Amino acid sequence: MIIKASTPLYALLGHPVSHSLSPILQNGWIAEHGFEGVYVALDVDPAHFEASIDGLFHAGLRGANVTIPFKERAAAKACALSQNAMITGSVNCLSPAQNGFLGDSTDGAGFIADLDFRAKGWREKTGHVVIFGAGGAARAILVALHHAGCSHIHLVNRNYERGLEAARLIVGETIHVWSLAENDRALLGASLVINATSAGLNDQNALALDVSKTAEDCLVYDTVYAPRETSLLKDARHSNRQALDGLGMLVGQGALAFEIWFGIRPDLASGLTRLEASLSS
């Protein structure tokens, strides 16, 4: 990669971002397609996020991903929002417009893309779905699963009222909301369980669940990818459940962001292979 003064800049905005694999993912795709550009990770001070967005826009940033803890603040700051971003109130992808950044949410669609890629046939056996979390990623996944035809969805969150707020995103359907203390009841017979919180990230504040209460063919999905095998996924495999980490969702949402910026959807397989190689080196 040759970086010149005119090289377009793309970035990940979050705090912290030192663990992120997004630069490896996006720079690999940029190189594969022969595009000009470089993608970096920027650790943004939470006290100055909005000011940073303004500065990056005026400095000519060509696009950005947004991660914890800024997805909702990015939605409030964007000059306009996609339909998905408006529904979820969360933004993980920014692209420049005339007066500021357009905000989009590719988390949900990226999650579905990964299930289609790594868990083929999941749609046919998915009935009872349980999502842990009510933040930006959880809401995006909730909306995406609803659009994919899942109608029996349970939402578990530490803050029950926030869980109710997330459930109201799905108009005309009953989303069952539980407090974290009631998670055993929500898990009973589940065919798909998703941790959409940061619990377990870097082995901190692990989410302890009794996955043996789920259906025998249940798929347990942890959106965390650092470490690759969280305590939740270890428990799932110990109970002979299928387990997937969040690396594929990172690839899926990143591919959709890349398509927004460059007009072409990159290969998920090459992105996943590249990230797996970087983690094993």
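Here the structure is a predicted model, which means the values were calculated and not measured.
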Exercise for review: Please confirm whether the backbone N or O of S270 pairs with a side-chain atom of T273, one donor and one acceptor, at under 3.5 Å?
Suggested key: no

Review point. Going by heavy atoms in the side chains, are N157 and V177 under 4.5 Å from each other?
Key: no

Review point. Of all residues at least two apart in sequence or in a different chain, which pass the ring-ring contact (aromatic ring centres under 6.0 Å, His included) check with F101?
Key: F57

Exercise for review: Specify the closest pair of heavy atoms between F132 and V130, including all atoms of both residues, with the distance to one decimal.
Suggested key: CE1-CG1, 3.6 Å

**Study point:** salt bridge (Lys or Arg N to Asp or Glu O under 4.0 Å) partners for D116, two or more places apart
**Key:** R123

Review point. Going by an N to O cut-off under 4.0 Å, is there a salt bridge joining D222 and K234?
Key: no

**Study point:** Backbone of Q253 reached by a side-chain donor or acceptor of T106 within 3.5 Å
**Key:** yes

Check your understanding: Centres of the F262 and Y10 rings: under 6.0 Å?
Key -> yes

Point to revise | Selection residues 79-107 - residue pairs positive for salt bridge (Lys or Arg N to Asp or Glu O under 4.0 Å), sequence neighbours left out | key: K71-D107

Check your understanding: Where the side chain of N27 meets the backbone of Y39, is there a donor-acceptor pair that is under 3.5 Å apart?
Key -> yes

Point to revise | Backbone of L94 reached by a side-chain donor or acceptor of W261 within 3.5 Å | key: yes

Exercise for review: Please assess F258 against H33 for the test ring-ring contact (aromatic ring centres under 6.0 Å, His included), listing each intermediate value before the final yes or no.
Suggested key: CA-CA 11 Å; F258 187 95; H33 289 277; 5.6 Å; yes

Review point. Hey, does R265 have a side-chain heavy atom less than 4.5 Å from the side chain of L256?
Key: yes

Check your understanding: Can you find a pair of side-chain heavy atoms, one from V17 and one from L42, that are under 4.5 Å apart?
Key -> no

Extract all donor-acceptor atom pairs below 3.5 Å that involve side chains of residues 134-154 and protein atoms in other chains or at least two apart in sequence.
residue, atom, partner, partner atom, Å
R139, NE, T88, O, 2.6
R139, NH1, A134, O, 3.0
R139, NH2, T88, O, 2.9
H154, ND1, W178, NE1, 2.9
H154, NE2, H128, NE2, 3.4

Exercise for review: May I have all residue pairs that pass salt bridge (Lys or Arg N to Asp or Glu O under 4.0 Å) and include part of residues 36-46, sequence neighbours excluded?
Suggested key: K4-E36

Check your understanding: Does anything in residues 147-175 pair up under salt bridge (Lys or Arg N to Asp or Glu O under 4.0 Å), and if so which pairs, sequence neighbours excluded?
Key -> E72-R162

Review point. Do other residues, nucleotides or ligands put more than 12 heavy atoms under 6.0 Å from the CD atom of E124?
Key: yes

